[in-house]
A.B. asks: 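Before we start, here is the structure in question, set down as structure tokens.
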Amino acid sequence: MEPATIVAIANQKGGVGKSTTAINLGAGLAFQGERVLIVDLDPQGNTTSGLGVDRGAIEYSTYDLLVDEVDAADVLEPTSVRDLFVVPATIELAGAEIELVSMFSRETRLRTALKPLVADYDFVLIDCPPSLGLLTVNGLSAAHEVLIPIQCEYYALEGVSQLMRNIQLVRQNLNPELEVEGVVLTMFDGRTTLATDVVEQVRAHFGERTYRTVIPRTVRLSEAPSYGEPIEAYDPMSRGAIAYRELAREFRRRHGHDQAT
């Protein structure tokens with residue numbers, strides 16, 4: 001088995017659908033036959049709870065992986081979806097930003113921690129926090145690629161240029177292989193001219209790197225995390241499920257997995 005492709009899902013702007021995309025792209029890939037690990041690097045832990053993991057019952061989390069160097073295999077939690085696993089996050093992770101500052105190899109601790117696992121998965125998705133601190137730098141340092149969710153709203157591209165500069169800095173100093181794999185448009189409301197304008201603006205800016213699949217803004221997508229289920233399990237016939245299923249197909253095609261079962 002080839003080592004996993006590691007993808008950081010990043011945008012320092014909050015509320016753009018990072019966790020929703022991590023959960024539902026990860027689940028979509030698993031439902032299509034891939035073996036997937038999601039690493040929750042966000043202290044809010046939305047991806048962890050959205051996958052049905054009880055944060056109160058977690059023995060080890062991303063914090064232990066980064067700060068205490070607990071073996072990654074001991075931090076993994078299964079999800080309700082076959083072949084989809086998560087390294088969960090708790091609020092403890094918020095303190096890791098400060099604790100990491102004085103640590104040796106502080107920017108590459110996640111990369112080191114994940115090395116023993118990458119041969120076991122097809123894809124590793126890293127859900128980065130909405131900031132450009134040391135946690136996000138660890139995510140970018142560990143990844144081969146970056147996937148940027150951009151919401152179809154005002155100021156959609158605000159902050160993206162700063163993210164691109166940081167990706168360039170990480171490439172120059174820590175991870176020369178890092179590439180922007182793609183941009184996925186989220187929270188699309190077809191009733192507004194603004195949303196359509198944003199889609200055109202992002203496609204003009206990022207060109208072929210923009211995914212054709214656009215994720216709609218729907219109530220069902222918002223509800224699913226509170227039930228601890230990806231949208232594919234919660235309501236497979238909903239517009240959100242259909243969109244993320246297609247995004248997973250498009251993602252797999254881009255990575256040469258389109259012939260996989």
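What you are looking at is a predicted structure, and each value in this text was computed from that prediction instead of being measured.
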A.B. asks: Going by the rule side-chain contact (heavy atoms from CB on, under 4.5 Å), which residues pair with Val160 if we only count those two or more places apart in sequence or in a different chain?
C.D. replies: Asn11, Ile150, Leu157, Met164, Phe206

A.B. asks: Any pair with a residue in residues 42-62 that passes salt bridge (charged side-chain N to carboxylate O under 4.0 Å, His left out), sequence neighbours left out, goes on the list, sorted by first then second residue, please.
C.D. replies: none

A.B. asks: So among Val124, Val39, Leu117, which one has a side chain to side chain contact (heavy atoms under 4.5 Å, CB included) with Ile6?
C.D. replies: Val124

A.B. asks: Could you pull out all residues at least two apart from Arg171 that satisfy salt bridge (Lys or Arg N to Asp or Glu O under 4.0 Å)?
C.D. replies: none

A.B. asks: Listed by chain and number, what are the side-chain contact (heavy atoms from CB on, under 4.5 Å) partners of Ala113, not counting sequence neighbours?
C.D. replies: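 Leu65.
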
A.B. asks: My understanding is that only residues two or more places apart in sequence, or in another chain, count here; which of them pass salt bridge (Lys or Arg N to Asp or Glu O under 4.0 Å) with Asp189?
C.D. replies: Arg191

A.B. asks: Roughly how far, to the nearest 0.5 Å, is the CG atom of Leu147 from the CD atom of Glu181?
C.D. replies: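 Output value for this atom pair is 6.0 Å.
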
A.B. asks: Which donor-acceptor pairs under 3.5 Å do side chains of residues 78-93 form with protein atoms, sequence neighbours excluded?
C.D. replies:
unit_1 : atom_1 : unit_2 : atom_2 : d
Thr79  : OG1    : Val81  : N      : 3.1
Thr79  : OG1    : Val81  : O      : 3.2
Thr79  : OG1    : Leu84  : O      : 2.8
Asp83  : OD1    : Arg35  : NH1    : 3.3
Thr90  : OG1    : Glu92  : N      : 3.4

A.B. asks: Backbone N or O of Ala224 within a donor-acceptor pair of the Glu229 side chain at under 3.5 Å?
C.D. replies: no

A.B. asks: Assess whether side-chain contact (heavy atoms from CB on, under 4.5 Å) is satisfied between Ile231 and Ser238, documenting all intermediate values.
C.D. replies: CA-CA 8 Å; Ile231 190 66; Ser238 65; 3.5 Å; yes

A.B. asks: Not counting sequence neighbours, list each pair that qualifies as a salt bridge (charged side-chain N to carboxylate O under 4.0 Å, His left out) and has a residue in residues 126-151.
C.D. replies: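 Applying salt bridge (charged side-chain N to carboxylate O under 4.0 Å, His left out) to every pair that reaches into residues 126-151, excluding sequence neighbours, yields nothing.
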
A.B. asks: Give me each pair satisfying salt bridge (charged side-chain N to carboxylate O under 4.0 Å, His left out) with a member in residues 100-111, each pair once, sequence neighbours excluded.
C.D. replies: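 Qualifying pairs, neighbours excluded: Glu69-Arg109.
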
A.B. asks: side-chain hydrogen bond (donor to acceptor under 3.5 Å, both in side chains): which pairs involve residues 239-249, sequence neighbours left out?
C.D. replies: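 Checked against side-chain hydrogen bond (donor to acceptor under 3.5 Å, both in side chains) - neighbours excluded - the pairs reaching residues 239-249 are Thr21-Tyr244, Glu232-Arg245, Glu246-Arg249, Glu246-Arg253.
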
A.B. asks: Taking only residues at least two apart or on different chains, which pairs with a member in residues 195-208 satisfy side-chain hydrogen bond (donor to acceptor under 3.5 Å, both in side chains)?
C.D. replies: none

A.B. asks: Go through the structure and list residues passing side chain to side chain donor-acceptor pair (under 3.5 Å) with Arg165, not counting sequence neighbours.
C.D. replies: Gln162

A.B. asks: Considering only residues two or more places apart or on different chains, which pairs with a residue in residues 209-237 satisfy ring-ring contact (aromatic ring centres under 6.0 Å, His included)?
C.D. replies: Tyr227-Tyr234

